[in-house]
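Everything below concerns the one structure shown next.
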Amino acid sequence: MSYTLYGSPDSANAVVRTALEELAQPYQDVLVDRGAAAQHSAAYRALNPQGLLPVLVVPGQDEPLFETAAILLFLADRHAALLPQAPSARGRGLKWLFFLSNTLHADLRVLFYSARYVSDEAAIPSLRVAMHRRVEAHFGLLDAEIARHGGPWLLGEALSVCDLYLAWCARWAQLYPVGDTLPGAALAARPRLWSLLEALQQRPAVQRACQREEVGLQAFTAPVVPQPSRGSVTG
Ligand SMILES: N[C@@H](CCC(=O)N[C@@H](CS)C(=O)NCC(=O)O)C(=O)O
């Protein structure tokens, strides 16, 4: 029995998919069509009561898993890969994984779904200006961390789930919300971070994930809004 990944094109399921591909684990896909608001259906909320993507169903687990970082941590533990295993380096992996989840990704969500975070829509432009500033600072911290130890990956010499999460966040920051995004140049000006993105998108496993997400093979350094053959990227 293999994993079952619930997702929609170019959504947070892409991070989990990339981890599954890097781990060479078989999995099946279930499309949750955001264009039809399927993530809010009763059937999907039975899997994730938040109505958010992704969900990973894991044989042998008594419940479906949700929250991208939790799923990444679960997979890294189960397969003893993609996070430092040495006790002395474990904390390094966890702190950046949590930073990506509860700070970078959470702040990106404020940009993507700004109307949910204000009571007056007139406040959205100014909220977005502030959030762009925060997100740029987060990418600056990540770039500085790579520079501090010399890279090439966020945690040093070994690829980790943090790199996968970081790269998809960098992609989304350049694409969404359509018409009010972080300029790609703001990321390209972060040389260590940019090198990481370039290296990551050359990996065969990452390319397999990008193909299944239908996002093209320069998904992180020259992203374009996809036109998926099934489902929708928004909704
Ligand atoms: N904290 C959640 C956030 C997931 C998330 O933002 N998912 C988006 C897709 S990228 C989603 O489901 N959006 C639909 C919605 O908010 O209605 C996680 O890490 O899993």
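Counting convention: from 1, in listed order, for ligands and their atoms alike.
To the nearest 0.5 Å, the span separating OH on Y6 from CG on L31 amounts to 11.5 Å.
When only modelled atom types and interatomic distance are considered, Q39 and S8 share no side-chain donor-acceptor pair under 3.5 Å. Side-chain contact, E214 with S229: a donor N or O sits under 3.5 Å from an acceptor N or O. For the residue pair D10 / W172, a side-chain donor-acceptor distance below 3.5 Å is found, with atom types taken as modelled. Side-chain contact annotation: Q174 with T181, donor-acceptor N/O pair under 3.5 Å absent.
Counting heavy atoms closer than 4.0 Å to ligand 1, residue Q50 contributes nothing at all. With a heavy-atom cut-off of 4.0 Å, Y113 touches ligand 1 through its side chain alone.
Contact atoms of ligand 1 toward P54: 20 (O) (distance under 4.0 Å to a heavy atom of the residue). In the vicinity of S11, heavy-atom distances shorter than 4.0 Å reach the ligand 1 atoms 9 (C), 10 (S). Atoms of ligand 1 lying under 4.0 Å from at least one heavy atom of H40, given by number and element, are 17 (O). Against a heavy-atom cut-off of under 4.0 Å, E67 is close to the following atoms of ligand 1: 1 (N), 2 (C), 18 (C), 19 (O), 20 (O). Of all atoms in ligand 1, listed by their number and element, those nearer than 4.0 Å to a heavy atom of R116 are 15 (C), 16 (O), 17 (O). Interface of Y165 with ligand 1, defined as ligand atoms under 4.0 Å from a residue heavy atom, comprises 19 (O).
In terms of N/O distances under 3.5 Å, ligand 1 is approached by L53.
Ion pair R203/E22 flagged as a salt bridge, since at least one NZ, NE, NH1 or NH2 atom sits closer than 4.0 Å to an Asp/Glu carboxylate oxygen.
Chaining together hydrophobic side chains whose heavy atoms lie under 4.5 Å apart leaves L217 on its own.
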